Amino acid sequence: MNLALDNSVVLVTGGVRGVGAGISRVFLEAGATVVACARRNSPEPIEFGDRRLEFESCDVRDPNAVAALVDRIVARHGQLDTVVNNAGGAPFALAADASANFHSKIIELNLLAPLLVSQAANAVMQSQQTGGSIVMISSVSGRRPSPGTAAYGAAKAGIDSLVSSLAVEWAPKVRINSIVVGLVETEASHLHYGDSAGVAAVAETVPLGRMAQPADIGRCAAFLASPLASYISGSTLTVHGGGERPAFLAAAEQHLASSNKE
């Protein structure tokens, strides 16, 4: 199916590693010109055929840097059709132990920075005849307990709320949606789940039997950016492989297995 993204210009924040790299590759494959920003580039080029990702260094928490980034993209390509706000994340830290500055930085990166980028993009898109589309990469952490990353979960809940408001404020020129992402297997998965056996064990907890691949998230983002989703705005698309098995089921199964051995 043709997503009709040829000749479109796409900005992917944090688009050179992990989920972001997968998103960038999908848009390249769909025929878009893709600009990815991050503080550091990836050592491996992201390309499809003879087309290569364009990299821009940018701290998305800095309003002046974000404005300059968007200005450079428009000056170079004459348009900005889609923004995927993917940059974000948080190290493990219990809420009671983390400093006020730590919490502030997490909220800044995961909530305020996507708003800054979206504001700059919206200013361009409102003046374009075809408008534009903004996709926020959210997380299941914003919908369920997120112990060890509480501020991150709260920021992602804020992203989903932000989407519903901006979809009203910026319509009809700009559509804005979020993708609520579950577990994703990336090059950094071992930092969270241990060795390959640990990654496999975590994957088995997902109803579909595997964690998402970055390209799975990229395909959802490309769909939301495409004309196929022209009547979708203010929505959240949940991409988590069916969710998580309730803890009480595992406890009940363990109890039954133990009882049967007695």
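Note that the coordinates shown come from a computational prediction; the quantities given were computed from them, not determined experimentally.
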Among residues two or more places apart or on two chains, list those pairs meeting salt bridge (charged side-chain N to carboxylate O under 4.0 Å, His left out) that have a residue in [range].
| range | answer |
| --- | --- |
| residues 221-236 | none |
| residues 114-128 | none |
| residues 94-115 | Lys105-Glu108 |

Closest heavy-atom contact between [X] and [Y]?
| X | Y | value |
| --- | --- | --- |
| Val26 | Ala222 | CG1-CB, 3.9 Å |
| Met125 | Gly132 | SD-CA, 3.6 Å |
| Cys37 | Cys58 | CB-CB, 4.0 Å |
| Leu80 | Ala121 | CD2-CB, 4.1 Å |
| Ser178 | Ser138 | CB-CB, 4.3 Å |
| Leu3 | Ala30 | CD1-CB, 4.5 Å |

Should [X] and [Y] count as side-chain neighbours, where that means a heavy-atom distance under 4.5 Å?
| X | Y | answer |
| --- | --- | --- |
| Arg40 | Arg17 | yes |
| Thr186 | Pro214 | yes |
| Asp160 | Val180 | yes |
| Glu204 | Arg210 | no |
| Thr82 | Leu11 | no |
| Glu54 | Val34 | no |
| Val12 | Val35 | no |
| Leu162 | Met136 | yes |

May I have the step-by-step check of side chain to side chain contact (heavy atoms under 4.5 Å, CB included) for Met211 and Val202, ending in yes or no?
-> CA-CA 8 Å; Met211 286 190 270; Val202 172; 4.3 Å; yes
Return the [atom1] to [atom2] distance between [X] and [Y], rounded to the nearest 0.5 Å.
| X | Y | atom1 | atom2 | value |
| --- | --- | --- | --- | --- |
| Ile23 | Ile46 | CD1 | CD1 | 10.5 Å |
| Ile134 | Leu115 | CD1 | CG | 9.5 Å |
| Gln79 | Ser127 | CD | OG | 11.0 Å |
| Asp6 | Thr33 | CG | OG1 | 9.5 Å |
| Leu112 | Leu109 | CG | CG | 9.5 Å |
| Leu69 | Thr13 | CG | OG1 | 9.5 Å |

Would you check, one step at a time, whether the test side chain to side chain contact (heavy atoms under 4.5 Å, CB included) holds for Val174 with Gln126?
-> CA-CA 7 Å; Val174 176; Gln126 291 291 342; 3.7 Å; yes
Whether the [X] and [Y] side chains hold a donor-acceptor pair (N or O, under 3.5 Å, no angle test) is what I'd like checked.
| X | Y | value |
| --- | --- | --- |
| Arg143 | Thr238 | yes |
| Asn177 | Ser233 | no |
| Ser164 | Ser161 | no |

Look at atom CG of Asp71 and say whether more than 12 heavy atoms of other residues, nucleotides or ligands are closer to it than 6.0 Å.
-> yes
Arg39, CZ: over 12 other non-hydrogen atoms inside 6.0 angstrom = no
Counting only N and O atoms by type, is there a donor-acceptor contact under 3.5 Å from the side chain of [X] to the main-chain atoms of [Y]?
| X | Y | value |
| --- | --- | --- |
| Ser104 | Asn101 | no |
| Asp62 | Asp59 | no |
| Arg175 | Ala167 | no |
| Ser24 | Gly15 | yes |
| Glu244 | Thr205 | no |

Pair Glu56 + Arg72: basic N to acidic O under 4.0 Å | yes
Cluster question for you: counting only ILVMFWY and a side-chain heavy-atom cut-off of under 4.5 Å, with indirect links fine, are [X] and [Y] together?
| X | Y | value |
| --- | --- | --- |
| Val60 | Val83 | yes |
| Val9 | Leu28 | no |
| Val140 | Val199 | no |
| Val10 | Leu237 | yes |
| Trp170 | Leu224 | no |

Does Ile106 sit in a hydrophobic cluster with other residues, and if so which ones, taking ILVMFWY side chains as linked at heavy-atom separations under 4.5 Å, directly or through other members?
-> Phe102, Tyr152
Which other residues belong to the hydrophobic cluster containing Leu94, where Ile, Leu, Val, Met, Phe, Trp and Tyr are joined when side-chain heavy atoms lie under 4.5 Å apart, directly or via other members?
-> Phe92
Take Ile217 and Ile137, measure what side chain to side chain contact (heavy atoms under 4.5 Å, CB included) needs, and give me the verdict at the end.
-> CA-CA 9 Å; Ile217 311 305; Ile137 301 302; 4.2 Å; yes
Would Lys156 and Asn110 satisfy side chain to side chain contact (heavy atoms under 4.5 Å, CB included), going step by step from the backbone distance to the final call?
-> CA-CA 7 Å; Lys156 290 303 187 180; Asn110 291 282; 4.0 Å; yes
Output all residues satisfying side-chain contact (heavy atoms from CB on, under 4.5 Å) with Asn41, sequence neighbours left out; order by chain, then residue number.
-> Val16, Phe55
